[in-house]
Trainee: 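I have a structure here, written as structure tokens, and I will follow up with some questions on it.
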Protein chains: 2
Amino acid sequence: MKHKAIVVGMGNIGRNVIKAIMDSPDFELIGVIRRVPDQKAETKEYANVDEIGVKPDVAILCVPSVMSQETAKFYLSKGINVVDSFDIHKEINDYVANLEDIAKRHNKVAMLACGWDPGTDSLVRAIFKIFAPKAITYTNFGPGMSMGHSVEARRVKGVKEAVSITLPLEESKHGRKVYVEPDGSLSKEDIYKEMKQNKYFENDPLEIVLVDDVAPYYKTSHGVKIVMDNEENHFEFGMRIDNPTVTARVLLACARASLRQPKPGAYTIIDVPLSYMLEDDRKENIRKLV
Amino acid sequence: MKHKAIVVGMGNIGRNVIKAIMDSPDFELIGVIRRVPDQKAETKEYANVDEIGVKPDVAILCVPSVMSQETAKFYLSKGINVVDSFDIHKEINDYVANLEDIAKRHNKVAMLACGWDPGTDSLVRAIFKIFAPKAITYTNFGPGMSMGHSVEARRVKGVKEAVSITLPLEESKHGRKVYVEPDGSLSKEDIYKEMKQNKYFENDPLEIVLVDDVAPYYKTSHGVKIVMDNEENHFEFGMRIDNPTVTARVLLACARASLRQPKPGAYTIIDVPLSYMLEDDRKENIRKLV
């Protein structure tokens, strides 16, 4: 019996989750949820999960992080597991706490912040902490487009379209270079001020570049390097990736984990065993990976 | 209340586990078990766990892999959790199965094959499999001294002392270069034949170098590079380490995990959440790492 999944939201991540589901023999996609369903879409789209007529096992939430909490509560209250790639690091503890009760009340599992950072990078940082509990781990992103920051930049007053590029500075610091198509209502200075109000942009050095068309700056490639050194050891993890492809893979793996997690509640990726995330059975995983 | 640990065996790993325990505020070492206890040792040594007079929570097994199973059974049957760094990859499934019943019968947890490979490298391979379930991951070791292979080489007929160096070849293949002090009973050719009978050496290209003294070849540094590529993504994990230091850290982390694992049984490192392995509480781990 395949796990029945729905995809909620059809942006970059949603489309890639659909591809990931097609590649995974243990999942089937029973529908896509969109505010305005496309009647001619290849995958059947619905405005409301109740229209599907079959109860999904898990809802894979591909909505902006700021909408994730209400969306997650909605599906949990319907008795459906949820997984998302919520990406506001400093709010994750509160987010988990806020969903804990509702998940337990409906005997369901929420897997939260399950992208690549937060997400699999968090696993790598946890492994590094095993190696040297007191050493400092540095996470350096990019250069690459941040999907989360681009989504937020588009919501800023005065902005019609935006692409936010993450530039690694040093020792886990980053700059944000945002290419903006202005809507004409605000000056560059005022757009800068508005963007600095947004929590995605408040802490990092920010440069805004006004352009006629952001399309040439749009790219889905990204990268990260996580490094830790102490006197006797050196540890390094790095990847160059297609960002939505990898985010989608992690979401699907964590959707699978949510269905194997024995106790209801809200979890992050470090709270569940890696073997729960993999398609093969435990013995096969031990044989191939351990 | 600190977790009460004992260290079983006082080779390279055992000595480093003691250091790791001293660095960990949540553990205390209540004794070291050795065949022939050193009465003048800084840490109290015993021939038998019953002499300690206090029941340990976990026994950290630092004995050669070939002795691990009987040792693990002994401590489990006394109602003590066990953790080891058993390193014979292809026997891990059987090993887990062999300890499952005895662990459950005594309501205890065994964490098996918890070094860095098998061990944390297994976690990295599992993460890579999330990223691209069908891509091939290559694990290339060294150059560096293999502790497991050196221990086994010393047990080969005709060998007085030995140091086994792992040389990376390509695509997860390795050569073994073994520096041997012969005991005079066998020729180099016969030592080669004997060593080839040992399962640690049967599959890889083997070179034996006879020396008067293996000491100059002895080193504790080692390294690994784990690489996966597919059309659009590149993933890489690498480390250069002091081998026994890192093995000891992973053992201690998994000793901690064994005490948090809610259900008795035998587990590998991919079967338990990473948060169980870390000293901090869950919220702190989420804040710092996720």
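Because only heavy atoms are used, hydrogens play no part in the values below, and waters and symmetry mates are left out as well, while side chains stay in. What you are looking at is a predicted structure, and each value in this text was computed from that prediction instead of being measured. Reminder, nothing fancy here: chain letters follow the sequence lines and each chain counts from 1.
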Trainee: Answer with side chain, backbone, both or neither: which region of N285(A) has an atom nearer than 4.5 Å to a non-hydrogen atom of chain B?
Mentor: both

Trainee: Chain A heavy atoms under 4.5 Å from I241(B): which part of the residue, side chain, backbone, both or neither?
Mentor: both

Trainee: In terms of heavy-atom pairs under 4.5 Å with chain B, which of K288(A), K129(A), M228(A) leads?
Mentor: K129(A)

Trainee: Let me know if V272(B) has heavy atoms under 4.5 Å from chain A in its side chain, its backbone, both or neither.
Mentor: backbone

Trainee: With no hydrogens and no angle check, is any side-chain donor or acceptor of N233(A) less than 3.5 Å from a backbone partner on D242(B)?
Mentor: yes

Trainee: Taking C-beta and beyond as the side chain, do I270(B) and V290(A) meet within less than 4.5 Å on heavy atoms?
Mentor: yes

Trainee: Considering only heavy atoms from C-beta outward, does the side chain of F131(A) approach that of V250(B) to under 4.5 Å?
Mentor: yes

Trainee: Non-hydrogen atoms of chain A under 4.5 Å away: do they reach the side chain of K225(B), the backbone, both or neither?
Mentor: neither

Trainee: Quick one: what part of D229(B) sits under 4.5 Å from any heavy atom of chain A, side chain, backbone, both or neither?
Mentor: neither

Trainee: Assess whether atom NZ of K173(A) is packed by more than 12 heavy atoms of other residues, nucleotides or ligands within 6.0 Å.
Mentor: no

Trainee: Checking T139(B) against chain A: side chain, backbone, both or neither under 4.5 Å from a heavy atom?
Mentor: neither

Trainee: Quick one: what part of V224(B) sits under 4.5 Å from any heavy atom of chain A, side chain, backbone, both or neither?
Mentor: neither

Trainee: If you count heavy-atom pairs under 4.5 Å between each of E232(A), R256(A), M277(A), K134(A) and chain B, which one has the most?
Mentor: E232(A)

Trainee: Using non-hydrogen atoms only, which part of E279(B) is less than 4.5 Å away from chain A: side chain, backbone, both, or neither?
Mentor: neither

Trainee: Does any heavy atom of chain A fall under 4.5 Å from the side chain of H89(B), the backbone, both, or neither of them?
Mentor: side chain

Trainee: For the residue pair T120(A) and F235(B), establish whether any side-chain heavy-atom pair is separated by less than 4.5 Å.
Mentor: no

Trainee: Where does T137(A) contact chain B at under 4.5 Å (heavy atoms): side chain, backbone, both or neither?
Mentor: neither

Trainee: Just so I understand: if I count every heavy-atom pair under 4.5 Å between each of R287(A), K283(A), R282(A) and chain B, which residue has the most?
Mentor: R282(A)

